[in-house]
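See below for the structure under consideration.
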Amino acid sequence: MLDRKLIRENPDAVRAGAARKGIQAPVDEFLRVDESWRSILRELEQSQAEMNRISKSIGQLMASGQKDEAEKAKAETAAIKEKIKSLEPQERELEAQLNALELQFPNMPHPTVPDGKTPEENVEVRAWGTKPEGTFKAHWEIADELKLIDFEAASKISGSGFAVYTGWGSKLVRALINFMLDLQSDRNGYSEVYPPALVTSESLVGTGNLPKFADDLYSTKDDLWLIPTAEVPVTNLLRDEILEPWQLPIKYAAYTPCFRREAGAAGRDTRGILRMHQFDKIELVKYCAAEVSYDELESLVEDAESVLQALGLHYRVLLLCAGDMGDKGCKCYDLEVWAPGEGRYLEVSSCTNFEAFQARRANIRYRPTEGASPEPVHILNGSGLAVPRLLVALLETYRQEDGSIAIPEPLRRYLGTDVIPAPGN
RNA sequence: GGAGAGGUCGCAUAGUGGUCUAGUGCGCCGCACUCGAAAUGCGGUGUGGGGCAACUCACCGUGGGUUCGAAUCCCACCCUCUCCGCCA
């Protein structure tokens, strides 16, 4: 959600910002509805003020025993009451329209975001490590020979798009989750939380997933939705709160399973575990003061990178172009890990500064200085990281000639072994 | 799922139809007193919207309703707590 004042006072900038993302913002309609809403509101409030005055005087007349005068005053209220009754629904309807329109505006891209429409126009800002040389197996082959994942069982249980991790596969998932959570909390200073995986629609409106992206989500019979990422419950953790300046920045790290319908991705990445309806992810969420949010974005990216560096995996950092970064963000970096068996980079993290966009929707504010009036806080998030694609890169990168998997040092104490033994051993 | 209690201005409480534009205590801020502090006294202390402003409207869990007027009465719902049942 954008600042209403911005749309009123600078509609061209809003239009232009949306256009960079390839989206048409309903600026004219908003301005029209806004104008009529404000005019009706003014009229309604005048009537309410008049009504309050008369009611108060009736109270005083009654108290002083002037019954006749009171009755006379009562008669006066009929017309004005009628006016209120006719204005009220109009006001309510216009405000509802305005609120609905407001939710349709995309966030404005930051000036440092490059132009562009497609992923090809994203800009690589840096790379870490070196691309491993040699011949590599795809992760589904490795998983098969080491019996790490049972896809048949998964499809029997749940249909396509799911995985049953078995044996060392299951232990690896668990080890990666614990390793990443510890890293983000102990080393990078995030507070660990473990939130619900089912949330109300209000929470999803707060993060910007609803109303626009309902098709990406699983819903239930009980008006609860399965979360597509821990971003949703964690961002809503502080909904309707006013934060004091000394509390900021607030940093949360959360592990949750994530559920996505992948409705628009049918037929893509069908092999292996690159695109699942359910997967595990550590998510990082930050709340901070407006003037530091771009510094916090840089450090957020570094925190996500620290996982890949600890595991010694080659990756690159992309600055997404305006057209590829989605509705909600102002500026977004993707982390892509190299998967040698696939021969391509895989997105394992998206680190985004939403500025005040989510905070306005979720009503999360802070006082810039003690005693100052509240402003929407800036919110950022990024994966730190997604498990399945990380697992893919790990298996493909560290498979040795004999078929065993060498485990990077930091992960060993979590997995309880230096190596996943070769098949047959 | 059943029965009961309850949700009020940061916290604690009062308020069962008209000076409630919500009282009191604590906390917090300012001022006075003081060499300074404590104590004391006085004043102030929420959020959102509209308006250039004066000002005004809304908000006592949420949404409806009754009334000239609702924190207060009526209806529905949500949440919390206690007990019972069931259960990982």
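We name chains A, B, ... by the order of the sequence lines, and we start the count at 1 in each one.
With a 3.5 Å ceiling on both atom-pair distances, B:U16 lacks any Watson-Crick or G-U wobble partner. Taking a pair to require two hydrogen-bonding distances under 3.5 Å in either a Watson-Crick or a G-U wobble arrangement, B:A3 pairs with B:U82. Judged by Watson-Crick or G-U wobble contacts below 3.5 Å, the nucleotide B:G48 has B:C57 as its partner. Across every strand in view, B:C87 sits unpaired, with no contact that passes the Watson-Crick or G-U test at under 3.5 angstrom. Using Watson-Crick or G-U wobble geometry with both donor-acceptor distances under 3.5 Å, B:C42 finds its partner in B:G30. Figure legend. B:G69 is base-paired to no nucleotide; pairs are counted as Watson-Crick or G-U wobble with both atom distances under 3.5 Å.
In terms of phosphate contacts, A:Asn52 brings a side-chain nitrogen or oxygen within less than 4.0 Å of OP1 or OP2 of B:C57. Of the side-chain N and O atoms in A:Arg365, one or more sit less than 4.0 angstrom from OP1 or OP2 of B:G48. Under 4.0 angstrom from either OP1 or OP2 of B:C68 there lies at least one side-chain N or O belonging to A:Lys81. Phosphate contact (OP1/OP2 of B:U67, side-chain N/O of A:Lys74, threshold under 4.0 Å): absent.
Comparing the P positions of B:C87 and B:G4 gives a spacing of 24 Å, expressed to the nearest Å. Taking atom P on both B:G27 and B:U82, the two are 30 Å apart, rounded to the nearest angstrom. When the P atom is compared between B:A32 and B:A38, the two are found 14 Å apart, to the nearest whole Å. Nucleotides B:G61 and B:G10 place their P atoms 13 Å apart, quoted to the nearest Å.
Among the atoms of the strands shown, none is found under 4.0 Å from any heavy atom of A:Ala73. Within 4.0 Å (heavy atoms only), A:Arg360 reaches no atom of the nucleic acid at all. Residue A:Arg92 is in sugar-phosphate contact alone, with no base atom involved, counting any heavy-atom pair closer than 4.0 Å across all strands shown. Among the atoms of the strands shown, only primed sugar atoms or phosphate atoms (P, OP1, OP2) are found under 4.0 Å from some heavy atom of A:Thr77.
Comparing B:G50, B:G18, B:G49 by their closest approach to the side chain of A:Glu45 singles out B:G49. Checking B:C68, B:U56, B:U21 against every side-chain atom of A:Lys56, the shortest atom distance belongs to B:U21.
Both tests do not hold together for A:Arg261 against A:Trp225: distance to the six-membered ring centre under 6.0 Å, angle to the ring axis within 45°. Geometrically, A:Lys328 does not engage A:Phe357 in a cation-pi contact defined by less than 6.0 Å to the ring centre and at most 45° from the axis.
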> Could you go step by step and tell me if A:Arg92 and A:Glu95 meet the salt bridge (charged side-chain N to carboxylate O under 4.0 Å, His left out) rule?
Replying inline: CA-CA 5 Å; A:Arg92 220 179 300 177; A:Glu95 199 188 9; over 6 Å; no
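Take A:Thr112 and apply the side chain to side chain donor-acceptor pair (under 3.5 Å) test, not counting sequence neighbours, and it matches A:His110, A:Lys331. With sequence neighbours excluded, no residue forms a ring-ring contact (aromatic ring centres under 6.0 Å, His included) with A:Tyr255.
Checking A:Asn381 against A:Thr352 by side-chain atom types alone, no donor-acceptor pair falls below 3.5 Å. Inspection of the A:Asp182 and A:Tyr414 side chains reveals an N or O donor paired with an N or O acceptor under 3.5 Å. Side chains of A:Gln46 and A:Glu50: no donor on one and acceptor on the other come within 3.5 Å.
For the contact set between residues 34-44 of chain A and RNA chain B, defined by any heavy atom under 4.0 Å, the members are A:Trp37, A:Arg38, A:Leu41, A:Arg42.
In terms of polar N and O atoms assigned as donor or acceptor, the side chain of A:Gln60 never comes within less than 3.5 Å of the base of B:G18 in a complementary pairing.
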